[in-house]
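Heads up: the structure comes next, in structure tokens.
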There are 2 protein chains.
Amino acid sequence: MQSAFRRPSEGTFRGFVRAEDIDAVRRLVAATGFFRSEEIAVAAELVEETLVKGEAAGYHFLFADRSEDTAEETNALDGYACFGHNTMTVSSWDLYWIAVAPQSQGRGLGRALLAVAEEQAAARGCEQMWVDTSGREQYRPTRDFYLSCGYRVAAQLEDFYAPGDDKVVLVRRLPGAAGSRIRA
Amino acid sequence: MQSAFRRPSEGTFRGFVRAEDIDAVRRLVAATGFFRSEEIAVAAELVEETLVKGEAAGYHFLFADRSEDTAEETNALDGYACFGHNTMTVSSWDLYWIAVAPQSQGRGLGRALLAVAEEQAAARGCEQMWVDTSGREQYRPTRDFYLSCGYRVAAQLEDFYAPGDDKVVLVRRLPGAAGSRIRA
């Protein structure tokens with residue numbers, strides 16, 4: 001199972017939302033140790049809103065259900081991604097969340113989730129994918145992850161999250177998007 | 001009435017939301033000519049969500065009800081502001097909307113709405129107020145307005161809203177906030 005995520009495709013991940021994902025996402029996001037309780041609550045709310053409103057909520061999900069080799073763990077999810085069109089824009093999408101359970105990290109799952117999210121977004125008109133993350137030292141691996149996936153730092157907003165905790169805005173112009181072809 | 005907004009205070013504007021504000025905000029925002037139909041819809045939705053959920057929606061409003069000298073106009077509002085705490089942050093607030101009816105512009109109403117919004121936000125823990133606007137030439141007066149109110153450009157995100165339409169992020173560290181005193 002170590003190479004399960006080497007060649008991602010839409011079929012690799014579950015795209016529909018189940019009621020049990022609310023708790024599963026809450027547990028997963030908490031388990032990473034990267035998020036405040038308010039942020040964990042927001043992650044779960046996006047799942048809940050999607051269960052209630054369906055597509056109209058505007059959130060797309062990719063769930064990596066627990067694989068057999070992590071079956072000893074309490075998480076029902078190995079990882080997940082949540083992304084969507086920013087309705088204030090023509091073709092900018094936001095990657096709201098991407099999280100991989102600690103015991104499932106280092107196997108390319110985050111990279112696979114991101115690649116499939118970009119693929120699905122581009123097919124729906126996304127020209128640029130935007131990600132916000134923290135400028136704190138703890139998040140250096142997160143920033144390096146995005147940089148290694150073709151993202152660049154577009155802005156750093158001082159003290160945005162809290163005093164001493166900047167917001168770093170990263171962006172990738174999707175290569176398959178119509179806009180990037182026109183503007184190339 | 002020309003000097004009605006020179007000395008703003010919380011009492012100058014209505015803070016509670018009425019059902020008729022949904023349409024009034026939609027008409028006001030459309031009348032400015034600055035916003036796309038999707039953006040106008042979002043402006044109205046924030047009012048609607050606040051009517052349904054109350055404070056839990058997280059949006060604060062300031063309404064400038066139509067004054068007598070603009071009574072010939074069809075707008076029920078001379079202007080309004082919508083702002084709120086960004087729950088992903090400790091003490092950052094967003095100014096979501098500020099709009100003044102065309103026939104009520106040039107009298108300091110926008111400046112008064114902004115001042116009272118900042119005052120109310122600071123009283124509730126806001127240390128920095130953030131505003132997103134467009135980098136297009138049409139929005140130069142908007143950007144100049146914020147710059148003249150003590151805001152600075154924190155970032156410019158290329159093609160964010162649409163190809164050729166950057167997002168400009170402005171911020172003001174509120175002088176009355178505890179955080180800015182501690183960090184001064």
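Below, chains carry the letters A, B, ... as their sequence lines are ordered, and counting in each starts from 1. Just so it is clear, the model here is predicted, and its values are computed rather than measured.
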Flag yes if B:Tyr146 and B:Leu109 sit in one hydrophobic cluster, no otherwise; membership is Ile, Leu, Val, Met, Phe, Trp, Tyr, and two members link when side-chain heavy atoms are under 4.5 Å apart. yes
Here the gap from A:Phe160 atom CZ to B:Ser91 atom OG, rounded to the nearest 0.5 Å, amounts to 10.0 Å
Within the 4.5 Å heavy-atom criterion, are A:Leu157 and B:Val169 side-chain neighbours or not? yes
ILVMFWY network linking A:Val168 to A:Leu114, side-chain heavy atoms under 4.5 angstrom: yes
Would B:Leu170 end up clustered with B:Phe83 when hydrophobic side chains under 4.5 Å apart are linked, directly or stepwise? yes
dist A:Arg173:CZ -> B:Glu158:CD (nearest 0.5 Å) comes out at 5.5 Å
For A:Arg140, look at atom CZ and say whether over 12 heavy atoms of other residues, nucleotides or ligands are found less than 6.0 Å away. no
What is the distance from atom OG1 of B:Thr87 to atom CD of A:Glu45, rounded to the nearest 0.5 Å? 7.5 Å
Does B:Val47 share a hydrophobic cluster with B:Ile40, counting links as ILVMFWY side-chain heavy atoms below 4.5 Å and allowing steps through other members? yes
Do A:Pro163 and B:Glu127 make a side-chain contact, defined as non-hydrogen atoms from C-beta onward lying under 4.5 Å apart? yes
Shared ILVMFWY cluster between B:Tyr139 and B:Val171, side chains joined below 4.5 angstrom? no
Under a 4.5 Å heavy-atom cut-off, does chain A meet the side chain of B:Asn86, its backbone, both or neither? side chain
Under 4.5 Å between any side-chain heavy atoms of A:Asp159 and B:Gln128, yes or no? yes
